[in-house]
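Because the structure is predicted, anything quoted here is derived from the model rather than measured. If you read the sequence from its start, that first residue is 1, and numbering goes on from there.
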Amino acid sequence: MHGTRILDEADRLMTVCNSCRYCEGLCAVFPAMEMRRAFSDGDLNYLANLCHSCGACYVDCQFSPPHEFNVNVPQTLAVARAESYAAYAWPQSLSGAFTRNGLVISIVTALSMAAFILGFVALNDRAVLFGVHTGPGAFYRLMPHNAMAALFSAAFLYAILALVMSVRAFWRDIGTPIGGRADGGSIFQAIRDAGELRYLHGGGVGCYNEDEKPTDRRKLYHHLTFYGFLLCFAATSVATLYHYLLAREAPYPWWDLPVVLGTLGGIGLIVGPIGLFIAKSRRAPELLDAQRYGMDVGFIAMLFLTGLTGMLLLLLRETATMGPLLALHLGAVFALFITMPYGKFVHGIYRFAALVRYAQERRGEAGS
């Protein structure tokens, strides 16, 4: 018996799949499964986070519903994956945020935006709030740089700490890799696999969505979202270096590196989430974890809102709407930071850890 009902079901399915092995060429889950004859809770959580939910095994499986064996690996592992987020959350007292995550994300985002708007109104008179500010330091006429840096640094550092502690618990629970410890080679392989979304291709044909015709649309939208986020983070990092090393204050001209990176990232964070939402709304329900639909949509909406407010701020920063737009954008980013460890964002961190473990297991298997 396992710790939860869904892990019991996952164990049953992995036992059936281990006897069949028809799907071993589809993704990393089944080769990793074949290295085991029995499954601990950690093993099952590892396999669940290794799954990219492409749906290929459901379509290819001869035992999928309505067969009496009722083998539905994508949906079962999706539920187990979502439950693992709460199981490893740090601190555990906040694990309840995963229960109704869509509602939690909505409330936090609304409160964060409202707080920044009210703060701007309280600390600035109307002429400043709705004034036209241009040139270096324009943003800081509405909120001092030191206050902005302190607030967002604290939120970001807390998010990093919570994520590190969570993935540390996950890493310990899934056990030492079969064949040895993680090394530089396995980490590099995991970076490649994650960067290419290697296992979101259903064995090479693509993802299954609303029918049995695989496409690469979900992979494309994931890439736009993932690299859009990384480009926005790079833009913020470059701007930080500009400020502290070169004494250059934001906002920067449109051709400067932070703006170019942020523009490309913002486009990715608008187009990618829209595509992911459309794909999710059309996806076959038997492939989804219906109870966590709100968590998925909440995270998509959060990324879209961050990208949209950032792009509007860029386009209208030399108008009277700059002040309200800055408040909205800062509120969206702050909400994204503080909800990172307690929403769908963690799936990328756990999945990368699972890919590292899988890469090491394969290297160990090849060596032996």
Novice: Can you list every pair that meets side-chain hydrogen bond (donor to acceptor under 3.5 Å, both in side chains) and has a residue in residues 22-33, with sequence neighbours left out?
Specialist: none

Novice: Please verify the inter-ring angle class for Tyr350 with Tyr85; under 30° counts as parallel, over 60° as perpendicular, anything in between as tilted.
Specialist: perpendicular

Novice: Around Phe130, counting heavy atoms of other residues, nucleotides and ligands shown, do more than 12 lie under 6.0 Å from its CZ?
Specialist: yes

Novice: Apply ring-ring contact (aromatic ring centres under 6.0 Å, His included) to Phe352 and list each qualifying residue two or more places apart in sequence or on a separate chain.
Specialist: none

Novice: With side chains defined as the heavy atoms from C-beta onward, is the minimum distance between Leu326 and Phe120 less than 4.5 Å?
Specialist: yes

Novice: Mind jotting down which residue pairs meet the side-chain hydrogen bond (donor to acceptor under 3.5 Å, both in side chains) criterion with at least one end in residues 319-342? Sequence neighbours excluded, please.
Specialist: Tyr158-Tyr342, Thr309-His329, Thr319-Thr321

Novice: Of all heavy-atom pairs between Val71 and Cys17, which one has the smallest distance, and what is that distance?
Specialist: CG1-SG, 4.3 Å

Novice: Quick one: which residue pairs count as a ring-ring contact (aromatic ring centres under 6.0 Å, His included) with a foot in residues 210-229, not counting sequence neighbours?
Specialist: His223-Tyr227, Phe229-Phe345

Novice: For residues 250-277, pull every pair meeting salt bridge (charged side-chain N to carboxylate O under 4.0 Å, His left out), keeping only residues two or more places apart or in separate chains.
Specialist: Arg248-Asp256

Novice: Quick test of your reading: applying side-chain hydrogen bond (donor to acceptor under 3.5 Å, both in side chains), list the pairs with at least one residue in residues 43-57, sequence neighbours left out, ordered by first then second residue.
Specialist: Arg36-Asp43, Ser40-Asp43, Asn45-Tyr88, Tyr46-Glu361, Asn49-Ser84, Ser53-Arg283

Novice: How would you list, by chain and number, every residue that makes a ring-ring contact (aromatic ring centres under 6.0 Å, His included) with Phe188, sequence neighbours excluded?
Specialist: none

Novice: Looking at Gln92, I want to see if its CD is surrounded by more than 12 non-hydrogen atoms of other residues, nucleotides or ligands under 6.0 Å.
Specialist: yes

Novice: Report the C-alpha distance between Met322 and Glu318 in whole Å, list the side-chain angles of each, state the deciding distance to 0.1 Å, and finish with yes or no for side-chain contact (heavy atoms from CB on, under 4.5 Å).
Specialist: CA-CA 7 Å; Met322 188 266 275; Glu318 295 185 358; over 6 Å; no

Novice: Work out which heavy atom in Asn209 is nearest to a heavy atom in Arg218; give both atom names and the distance.
Specialist: OD1-CD, 2.9 Å

Novice: Pairs under 3.5 angstrom only: tabulate donor-acceptor contacts from the side chains of residues 293-305 to other protein residues two or more places apart or in another chain.
Specialist:
from	atom 1	to	atom 2	distance (Å)
Asp296	OD1	Lys344	NZ	2.8
Asp296	OD2	Lys280	NZ	3.0

Novice: Determine whether more than 12 heavy atoms belonging to other residues, nucleotides or ligands lie under 6.0 Å from atom CZ of Arg21.
Specialist: yes

Novice: If only side-chain N and O atoms count, and only distance matters, is there a donor-acceptor pair under 3.5 Å linking His201 with Asp216?
Specialist: no

Novice: Does a side-chain heavy-atom distance below 4.5 Å link Phe116 with Met143?
Specialist: yes

Novice: Side-chain contact test, heavy atoms from C-beta onward, threshold under 4.5 Å: evaluate it for Val356 versus Trp171 and give yes or no.
Specialist: yes

Novice: Do Tyr208 and Cys54 have side chains that approach each other closer than 4.5 Å (heavy atoms only, starting at C-beta)?
Specialist: no

Novice: Hey, could you give me each pair passing salt bridge (charged side-chain N to carboxylate O under 4.0 Å, His left out) that has a residue in residues 198-210? Not counting sequence neighbours.
Specialist: Asp193-Arg198, Glu210-Arg217

Novice: Scan residues 55-71 for pairs that pass side-chain hydrogen bond (donor to acceptor under 3.5 Å, both in side chains), counting only residues two or more places apart or in two chains.
Specialist: none

Novice: Applying the 4.5 Å side-chain criterion to the ILVMFWY set and letting contacts propagate, would Ile349 and Leu157 be lumped into a single cluster?
Specialist: no

Novice: May I ask you to check whether Tyr244 and His145 place their ring centres under 6.0 Å from each other?
Specialist: yes

Novice: Going by salt bridge (charged side-chain N to carboxylate O under 4.0 Å, His left out), name the pairs with one or both residues in residues 125-151, residues two or more places apart or in two chains.
Specialist: none

Novice: Quick one: are Tyr358 and Pro31 in side-chain contact, heavy atoms under 4.5 Å?
Specialist: yes

Novice: Same cluster or not: are Leu316 and Ile267 linked, directly or through other Ile, Leu, Val, Met, Phe, Trp or Tyr residues, by side-chain heavy atoms under 4.5 angstrom apart?
Specialist: yes

Novice: With no hydrogens and no angle check, just 3.5 Å: does a side-chain donor-acceptor pair link Asp8 and His2?
Specialist: no

Novice: Side-chain contact test, heavy atoms from C-beta onward, threshold under 4.5 Å: evaluate it for Pro65 versus Glu286 and give yes or no.
Specialist: no

Novice: For residues 83-101, pull every pair meeting salt bridge (charged side-chain N to carboxylate O under 4.0 Å, His left out), keeping only residues two or more places apart or in separate chains.
Specialist: Glu83-Arg292

Novice: Please give me the minimum heavy-atom distance between Phe98 and Ala86, naming the atom from each residue.
Specialist: CD1-CA, 3.7 Å

Novice: Indicate the atoms forming the closest heavy-atom contact of Cys232 with Gly266, along with that distance.
Specialist: SG-N, 3.6 Å

Novice: Report yes if some heavy atom in the side chain of Leu261 is under 4.5 Å from a heavy atom in the side chain of Leu257; otherwise report no.
Specialist: yes

Novice: Using side-chain contact (heavy atoms from CB on, under 4.5 Å), reason through Cys51 and Arg81 one step at a time and then give a plain yes or no.
Specialist: CA-CA 9 Å; Cys51 172; Arg81 188 163 56 246; 3.6 Å; yes

Novice: Tell me whether the count of non-hydrogen atoms from other residues, nucleotides or ligands lying under 6.0 Å of CZ in Phe152 goes above 12.
Specialist: yes

Novice: Apply the test side-chain contact (heavy atoms from CB on, under 4.5 Å) to residues Asn18 and Phe39: give CA-CA distance (whole Å), side-chain angles for both, the deciding distance (0.1 Å), then the verdict.
Specialist: CA-CA 11 Å; Asn18 224 349; Phe39 304 96; 3.8 Å; yes

Novice: Which heavy atom of Leu129 sits nearest a heavy atom of Leu142, and at what distance?
Specialist: CA-CD2, 3.8 Å

Novice: Might you confirm whether atom CD of Gln291 has over 12 heavy atoms from other residues, nucleotides or ligands at distances under 6.0 Å?
Specialist: no

Novice: Just so I know, are the side chains of Phe139 and Leu313 near enough to count as touching, which here means a heavy-atom distance under 4.5 Å?
Specialist: yes

